[in-house]
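Working notes, structure below.
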Amino acid sequence: MGVTHVLVRIDRISEHVGQEIKIGGWLYNKRSSGKIQFLQLRDGTGFVQGVLVKNQVEPEVWETAKQLTQESSLYVWGVVRADERAPSGYELDVTKVEIIQLAEEYPIQKKEHGVDFLMDHRHLWIRSPRQRAILKIRAEIIRAIQDHLNQQGFTLVDPPILTPSACEGTTNLFHTKYFDEDAYLTQSGQLYMEAAAMALNRVYSFGPTFRAEKSKTRRHLIEFWMIEPEMAFVDHEGNLEIQEQLVAHIVDHVLNHCQAELKTLGRDLSALEKVKAPFPRITYDEAVELLHREGFSDFQWGDDFGAPHETKIAESFDRPVFITHYPTEVKAFYMKPDPNRPEVVLCADLIAPEGYGEIIGGSQRIDDPELLAERFEVHRLPKEAYAWYLDLRKYGSVPHSGFGLGLERTVAWICGLEHVRETIPFPRMLNRLYP
RNA sequence: UCCUCAGUAGCUCAAUGGUAGAGCACCCGGCUGUUAACCGGUAGGUUGCAGGUUCGAGUCCUGCCUGAGGAGCCA
């Protein structure tokens, strides 16, 4: 028999007031005076302070506690007591301490550190309350997405990670070998999801994505995770409704399940509470007019928006905002042109509030085989490599739409973070492959 | 790839071209309610690397390396 079945989790400690319990955890910090010691304990589920008074515990227990170093692992026995002075409302009057391992001098201290130092120690940094809160919220966001999509009749489909060629043919891919052939790490599962939508109707993927871009900003990772839903028989307007319901559900779920974590992060909840469907929609044309009014007078129709433009547009709204009908030229080859106005496509980017930028890019896809072939010519894509994709329009093509939601940008926005590097356990960035 | 900034003790940072320092952490001692506890003490250095200017360089100059912020590109 293991020991875990008798351990109490710190997040359940309120159920054990007055009882003597055993917890397994780590010493997060220690404060002491001559005759009293305060042990700051964490077990991954929460934090609690253990208290030892010298003349109330066995001398061996006192001496054992005195030896403890920061991040030493240990079992602690003690009696749970409600205490208004404790941040969590509960304390543990320690009766016994058993050291599992006495930690060496711990590199991360309870003070400010530089980014480079913390990233070098990411494997330890994730133990801190703030990083723990972010990773918990990330997990709850994933749960909210899967719960919502499953409930809406979507089926999870996993596209390949090793691919024979580019999905969109624009960004730089990570090259590798597939025995004697060339292969690339996926930059999007979308084209495969279009195939899946013709088989299973409403589908979504959730997986890692790789971009070998020399991007070096607070919004970029080399390896990141995307949710890519694809829906048969759904048009542009239906696509937007599915997106706004999903995002509103994510925010609602986090507000309902992560109050403690949001508090740890100091997140402004009022900004999140405003995130209710429907979201405002403006066309690309209207966005350009808005930019002209707001000081970007040299912005030309036909240009794509940069980060400062997205931020300015987002500032005009208190909820995420859809920008629709971009010029065909600046968007991907598979997007369906507006039948009434072929110079723009039936697409939308969802821009998060507070300057977090684009969190969703989506569109209605081209379903006409001849038009799709034409787009291949314009974009100079090799038809042989995409023969299977073109097949989808030959054998029962239907109107369909889809989108990709960037998980890390969504986590950064909901958590109110400065940089996406904190939203993923071990970020892969331009200058970082370690740890 | 381009622009801007930075690199000094384990960490965070000071030091007018003139003896390299402080706080925190570690270690030792003190303290009965601490919240990044506090008080006293010990120890801790190839100032990113290579050149150059100078009587003298952490400081000025040149090149390189590493990192950060941003741009482009994107989610």
Side-chain angles (χ1 to χ4, degrees), chain A residues 28-40 47-57 62 66-67 69-71 81 83-88 91 93 103-121 124-125 128-130 167-168 170-173 186-190 207-228 303-311 330-332 349-352 356-362 403-413 418-421 423-424 429-432:
Chain A
Y28 169 58
N29 192 20
K30 180 174 72 175
R31 300 185 195 89
S32 66
S33 30
K35 289 171 183 158
I36 187 164
Q37 296 187 66
F38 299 100
L39 309 181
Q40 312 292 328
F47 297 82
V48 71
Q49 174 165 272
V51 183
L52 291 88
V53 175
K54 191 171 187 181
N55 60 17
Q56 292 170 18
V57 297
W62 179 261
K66 251 179 110 170
Q67 289 176 35
T69 53
Q70 190 183 359
E71 287 302 315
R81 173 171 45 74
D83 192 310
E84 287 182 3
R85 292 169 292 191
S88 68
E91 288 192 338
D93 286 324
E104 294 180 29
E105 184 178 344
Y106 191 64
I108 298 180
Q109 297 162 19
K110 294 175 63 61
K111 60 196 280 294
E112 286 181 29
H113 289 286
V115 170
D116 192 40
F117 177 83
L118 288 170
M119 292 307 310
D120 280 341
H121 296 85
L124 303 176
W125 189 21
S128 72
R130 175 183 163 83
C167 275
E168 301 187 18
T170 51
T171 56
N172 294 315
L173 305 180
T186 181
Q187 62 154 345
S188 168
Q190 184 204 309
T209 304
F210 308 88
R211 304 266 167 102
E213 291 286 343
K214 304 271 184 182
S215 297
K216 192 170 148 37
T217 80
R218 70 184 65 191
R219 297 179 303 280
H220 287 87
L221 294 170
I222 300 300
E223 175 183 308
F224 64 98
W225 289 65
M226 274 207 295
I227 291 85
E228 295 186 276
D303 291 345
D304 204 354
F305 300 127
H309 306 121
E310 285 183 357
T311 301
V330 303
K331 286 294 181 184
D349 286 352
L350 184 66
I351 311 297
Y356 283 94
E358 180 185 346
I359 55 172
I360 289 181
F403 61 96
L405 183 151
L407 178 64
E408 284 75 16
R409 285 188 184 176
T410 303
V411 175
W413 162 49
E418 286 293 315
H419 201 298
V420 291
R421 66 187 159 218
T423 64
I424 186 166
M429 295 180 293
L430 187 53
N431 295 309
R432 182 167 295 280

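Proteins come first, then strands; the chains are lettered A, B, ... in the order of their sequence lines, and each starts at number 1. Just so it is clear, the model here is predicted, and its values are computed rather than measured. Just the heavy atoms: all of them, side chains too, but no hydrogens, waters or symmetry mates, feed the values below.
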(Q) Within the 4.5 Å heavy-atom criterion, are A:L124 and A:P107 side-chain neighbours or not? (A) yes
Q. Based on Watson-Crick and G-U pairs with both distances under 3.5 Å, what dot-bracket line describes RNA chain B 5' to 3', crossing pairs as [ ] and inter-strand pairs as |?
A. (((((((..((((....[..))))..((((.......))))......(((((..]....))))))))))))....
Q: Indicate, yes or no, whether a donor-acceptor pair under 3.5 Å links the base of B:C74 to the side chain of A:S215.
A: no
Q.
Taking any heavy-atom pair under 4.0 Å as a contact, classify A:A307: base, sugar-phosphate, or nothing.
A. sugar-phosphate
**Q.** Integer angstrom distance from the C1' of B:C73 to that of B:U1
**A.** 12 Å
Q) With A:E71, which residues qualify under side chain to side chain donor-acceptor pair (under 3.5 Å), at least two apart? A) A:R42, A:R127
Q. Residues in side chain to side chain donor-acceptor pair (under 3.5 Å) with A:T217, at least two apart?
A. A:H220
Q | B:A15 to B:G29 separation - C1' atoms, rounded to the nearest Å | A | 32 Å
Q) Is A:R409 reaching over with its side chain to a backbone N or O of A:V420, donor-acceptor style, under 3.5 angstrom? A) no
(Q) If I pick the C1' atom on B:G56 and the same atom on B:G17, what distance separates them, to the nearest angstrom? (A) 8 Å
Q. Considering residues at least two apart in sequence or located in another chain, which fulfil the side chain to side chain contact (heavy atoms under 4.5 Å, CB included) criterion with A:K35?
A. A:K54
Q) Between atom CD in A:E310 and atom C1' in B:A71, what is the gap in whole Å? A) 14 Å
**Q.** Nearest-Å distance once atom C1' is located in both B:C60 and B:U47
**A.** 16 Å
Q: Starting at atom CD1 of A:I359, determine the distance to atom C1' of B:C74, rounded to an integer number of angstrom.
A: 15 Å
Q | Span that lies between the P atom of B:G48 and that of B:A6, in whole angstrom | A | 13 Å
Q. If we take the C1' atom in both B:G58 and B:U8, what is their distance in whole Å?
A. 6 Å
Q.
What's A:E91 touching, base or sugar-phosphate or nothing? Going by heavy atoms closer than 4.0 Å.
A. base
Q: Please list residues of residues 404-412 of chain A whose heavy atoms come under 4.0 Å from any atom in RNA chain B, ordered by number; otherwise none.
A: A:R409
Q. Does A:F224 stack onto the base of B:A75, taking stacking as ring centres under 5.5 Å apart and planes under 30° apart?
A. yes
Q.
At 4.0 Å (heavy atoms only), tell me whether A:G114 reaches a base, stays on the sugar-phosphate, or touches nothing.
A. sugar-phosphate
Q) So what does A:E358 hit on the nucleic acid, given a heavy-atom distance under 4.0 Å: a base, only sugar-phosphate, or nothing? A) sugar-phosphate
Q) What distance, rounded to whole Å, do you find between the two C1' atoms, one in B:U12 and one in B:U4? A) 23 Å
Q.
Can you measure A:H121 atom NE2 to B:G10 atom P for me and round it to whole angstrom units?
A. 12 Å
Q: Give A:D304 one of three labels, base, sugar-phosphate or nothing, depending on what nucleic acid heavy atoms sit under 4.0 Å from its own.
A: sugar-phosphate
Q.
Measure CD/A:Q187 against P/B:A75 and give the value in whole Å, please.
A. 8 Å
Q. Where along nucleotides 64-69 of chain B does protein come under 4.0 Å, by heavy atom, of base (B) or sugar-phosphate alone (S), with - for untouched nucleotides?
A. ---SBB
Q.
What I want to check is whether an N or O donor and acceptor connect the side chain of A:H220 with the base of B:C74 at under 3.5 Å.
A. yes
**Q.** Results of salt bridge (Lys or Arg N to Asp or Glu O under 4.0 Å) for A:K331 - residues two or more places apart only
**A.** A:D349
Q: Using the closest heavy atom to pick a nucleotide of RNA chain B for each, name whichever of A:F38 or A:G306 lands nearer the 5' end.
A: A:F38
Q. When the C1' atoms of B:A9 and B:U42 are considered, how many whole Å apart are they?
A. 15 Å
Q. Is there a donor-acceptor contact under 3.5 Å from the side chain of A:Q70 to the main chain of A:E105?
A. no
Q | side chain to side chain donor-acceptor pair (under 3.5 Å) partners for A:D120, two or more places apart | A | A:R432
(Q) Nearest whole Å is fine: how far is B:G10 C1' from A:L118 CG? (A) 14 Å
Q: Take atom CD of A:E112 and atom P of B:A14, then tell me their distance rounded to the nearest Å.
A: 12 Å
**Q.** Length of the line joining A:L430:CG and B:C74:P, which is rounded to integer Å
**A.** 17 Å
Q: Determine, for nucleotides 20-30 of chain B in 5'-to-3' order, which nucleotides have protein heavy atoms under 4.0 Å from the base (write B), from only the sugar-phosphate (write S), or from neither (write -).
A: ---BBBS----
**Q.** Partner residues of A:E418 under the salt bridge (Lys or Arg N to Asp or Glu O under 4.0 Å) criterion, sequence neighbours left out
**A.** A:R218
Q) Counting N and O atoms only, with roles assigned by atom type, does the side chain of A:T69 sit under 3.5 Å from a partner on the main chain of A:E104, one being a donor and the other an acceptor? A) no
Q: Look only at the side chain of A:Q37 and the backbone of A:W62, and say whether a donor-acceptor pair between them is shorter than 3.5 Å.
A: yes
(Q) How many whole angstroms separate atom CD of A:Q190 from atom P of B:C74? (A) 14 Å
Q. Would you say B:A36 has OP1 or OP2 under 4.0 Å from some side-chain N or O of A:R130?
A. no
Q | A:E91: partners by side chain to side chain contact (heavy atoms under 4.5 Å, CB included), with sequence neighbours left out | A | A:Q49, A:V51, A:R81, A:D83, A:A86
Q. Do A:H309 and A:D303 have side chains that get closer than 4.5 Å, going by heavy atoms?
A. no
Q) How long is the gap from NE2 on A:H419 to CE on A:M119, to the nearest 0.5 Å? A) 8.5 Å
Q: Report the relative orientation of the aromatic rings in A:F117 and A:H113; use parallel for angles under 30°, tilted for 30 to 60°, perpendicular for over 60°.
A: parallel
(Q) Students often get this wrong, so: under 4.0 angstrom with heavy atoms, is A:R81 touching a base, only sugar-phosphate, or nothing? (A) base
Q | Under the side chain to side chain donor-acceptor pair (under 3.5 Å) test, residues paired with A:K214 that sit two or more places apart | A | none
Q: Could you check whether A:Q49 gets within reach of a base, just the sugar-phosphate, or nothing at all, counting any heavy atom under 4.0 Å?
A: base
